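Presented below is the structure to which this report refers.
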Amino acid sequence: MTRKDRRANYATDSGWAWMILLSSFMTMMLWDGTIKSLAVLLPTLQQQFATRTWMIGGMIALMNAVKDFSGPIIGACTDLVDTRYLGVAGGILSGLGMIAASFATRIEVLIFCVSIINGVGVGLLLIPSLALLGRYFDRLYPFASGVAYAGVSLGMVVFAPLTQLLLETYGWRSTVMLLGAICCHGIVAGSLLRPSQFDSDGEELIIGKNVRNSYDALDEEAENESFGWRSEKCLPPRWQQVLERTGISLFKNTSFVAAIFMMSCDSFSKTGWIVYFIPHCIVKGLTPYEAAFSATGAGIANLIGRLIYIPFVSKNLISVPTILYLSGILTAFALMVDPWTNSLTTILIANILYCLGAGVLKPLCDVHIKTIAKERLLSQAFGLRMAMNGVFRILAGYLVGWIYESTGSYSGGFFMLGAVHGLGILVLALDGLRLSRQH
């Protein structure tokens, strides 16, 4: 088979790219659906294990953080190991972790199964799928990113009421076991992650050579814009190789740092919202079914947000940074007005606004990251982004629960989530102002 024929088999925006999109969609749905299911189970798990709210909330946040902290390592492995092996292993670990959790009799065992085993499994699935999505799609990448993240919205819509129904029908142990069986579908998603041998420009991806060439391009860009450093050139060859494989040198790019800080603030607010939203609704006087209904309505708004921006970006009607600023302001505002929402109607309106803005943010942030990082470094860029997100997720999981334990209300915690989110948007806007002044 000639090189031209092989490139045709890996053509961007067509062919196997749609299988990669399907895999990414399934992974997103399973990942976010599992988190939302655990959030529904939070009050029950707290009672069953006789522990505090922040302990169970922290467990859910830690699951996300473990997935995030594994990002740099898994990102480096995607250039060394067949991504299908990584994805299938991730699906197996994710399912086994949840199934094992259904037999837990101590909180420590539950945390290990849910947070560590399941968290690593999700990381093995998610990071390769995000990287391959950027390699298989070029012109249609904004569309593909939006559709992939629509899986998150579908997970929010489906898993919350499903978990409530399973909980009342079978009890929490059987519910967690069934969730583990659902997570095993990640094995199918992982088997679809066929590696791409070419980037969107038709250049063959050669391990080592392309990674190093990408760093050389970043070095030149950093010197031209006067915001980089080249200290890794002074390091021994072994350490230079570590920097290349893990992507740490991407931090030389100020725009990359601003982007992942904003995304970390977004992860902070989203983790706090998704973990504590249903308990928060119950504390405000809503029934469990009303709380689940509110989560479903918010999930539908999130789905709309995933798709509504696509025609504007594809036709260059509005720039990506402008949409990021507007959606970020809407999201922060919806969280900060939480103390004044006490009825089902006002709670639903505020959270529809939040999820609408959050639905726009995440896929567009990936589009923004792709424009900053070189395409052959997408695995490393997404891995570093997730590692930074992990720190913020842990903080959100524990802080919101701690505020509730201290005050008896989640309102102060949700106001804090909005304030942190607004800080991230401010940093991104300041970086945009810096770039406009330079040009």
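Here the structure is a predicted model, which is why all the values come from computation and not from measurement.
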Distance-only, no hydrogens or angles: does the [X] side chain make a donor-acceptor pair with backbone N or O of [Y] under 3.5 Å?
| X | Y | answer |
| --- | --- | --- |
| Asn351 | Ile347 | yes |
| Gln164 | Pro161 | no |
| Ser94 | Gly90 | no |
| Thr83 | Leu193 | yes |
| Ser115 | Met59 | yes |
| Ser174 | Gly171 | no |
| Trp31 | Met26 | no |
| Arg84 | Ser191 | no |
| Arg173 | Ala104 | yes |
| Ser145 | Tyr141 | no |

Practice prompt. Evaluate the side-chain contact (heavy atoms from CB on, under 4.5 Å) criterion for residues Met55 and Ile111: first the C-alpha distance (whole Å), next the side-chain angles of each, then the deciding distance (0.1 Å), finally the verdict.
Written response: CA-CA 9 Å; Met55 180 68 74; Ile111 291 175; 4.0 Å; yes

Fill in: Pair Thr163, Ser37: side-chain N/O donor-acceptor within cut-off below 3.5 Å
yes

Worksheet item: Side chains of Thr341 and Lys284: donor-acceptor distance under 3.5 Å anywhere?
Response: yes

Item to complete: Given side-chain hydrogen bond (donor to acceptor under 3.5 Å, both in side chains), test Ser343 with Thr346 step by step and report yes or no.
Response: CA-CA 5 Å; Ser343 66; Thr346 54; 3.0 Å; yes

Can you establish whether the number of heavy atoms outside [X] located under 6.0 Å from its atom [atom1] is more than 12?
| X | atom1 | result |
| --- | --- | --- |
| Phe333 | CZ | no |
| Tyr85 | OH | no |
| Ile182 | CD1 | yes |

Closest approach of [X] and [Y], non-hydrogen atoms and distance?
| X | Y | answer |
| --- | --- | --- |
| Thr27 | Ala189 | OG1-CB, 3.9 Å |
| Ala39 | Ile60 | N-CD1, 3.9 Å |
| Tyr149 | Leu130 | OH-CD2, 3.9 Å |
| Ile282 | Ala291 | CG1-CB, 4.3 Å |
| Ala258 | Asp431 | CB-CB, 3.7 Å |
| Leu42 | Ile56 | CG-CG2, 3.7 Å |

Practice prompt. Flag the pair Phe268 / His421 as yes when their ring centroid distance falls below 6.0 Å, and as no otherwise.
Written response: no

Flag the pair [X] / [Y] as yes when at least one side-chain heavy-atom distance between them is below 4.5 Å, and no otherwise.
| X | Y | value |
| --- | --- | --- |
| Leu192 | Ile20 | no |
| Ile403 | Met416 | yes |
| Phe49 | Arg106 | no |
| Met28 | Leu126 | yes |
| Val400 | Tyr404 | no |
| Ser255 | Arg434 | yes |
| Asp338 | Phe415 | no |
| Cys355 | Ile352 | no |

Item to complete: For the residue pair Trp18 and Phe143, categorise the inter-ring angle as parallel (less than 30°), tilted (30 to 60°) or perpendicular (more than 60°).
Response: perpendicular

Worksheet entry | Parallel, tilted or perpendicular, as decided by the 30° and 60° cut-offs, for the rings of Trp273 and Phe277 | parallel

Worksheet item: Given Tyr354, which of Leu335, Leu417, Val337 fulfils the side-chain contact (heavy atoms from CB on, under 4.5 Å) condition?
Response: Leu335

To the nearest 0.5 Å, what is the distance between [atom1] on [X] and [atom2] on [Y]?
| X | Y | atom1 | atom2 | answer |
| --- | --- | --- | --- | --- |
| Asn118 | Phe112 | CG | CZ | 12.0 Å |
| Trp402 | Leu399 | CH2 | CG | 8.0 Å |
| Arg393 | Met63 | CZ | CE | 9.0 Å |
| Leu132 | Leu21 | CG | CG | 12.0 Å |
| His280 | Phe414 | NE2 | CZ | 5.0 Å |
| Cys281 | Leu348 | SG | CG | 9.0 Å |

Practice prompt. Given side-chain contact (heavy atoms from CB on, under 4.5 Å), test Leu38 with Met98 step by step and report yes or no.
Written response: CA-CA 10 Å; Leu38 291 171; Met98 294 299 292; 4.2 Å; yes

Fill in: CA sep, side-chain torsions, deciding dist, call: Leu154, Leu303, side-chain contact (heavy atoms from CB on, under 4.5 Å)
CA-CA 7 Å; Leu154 187 61; Leu303 177 60; 5.8 Å; no

Item to complete: Let me see the working for Tyr410 and Val283 under side-chain contact (heavy atoms from CB on, under 4.5 Å), right down to the final yes or no.
Response: CA-CA 8 Å; Tyr410 288 102; Val283 169; 3.7 Å; yes

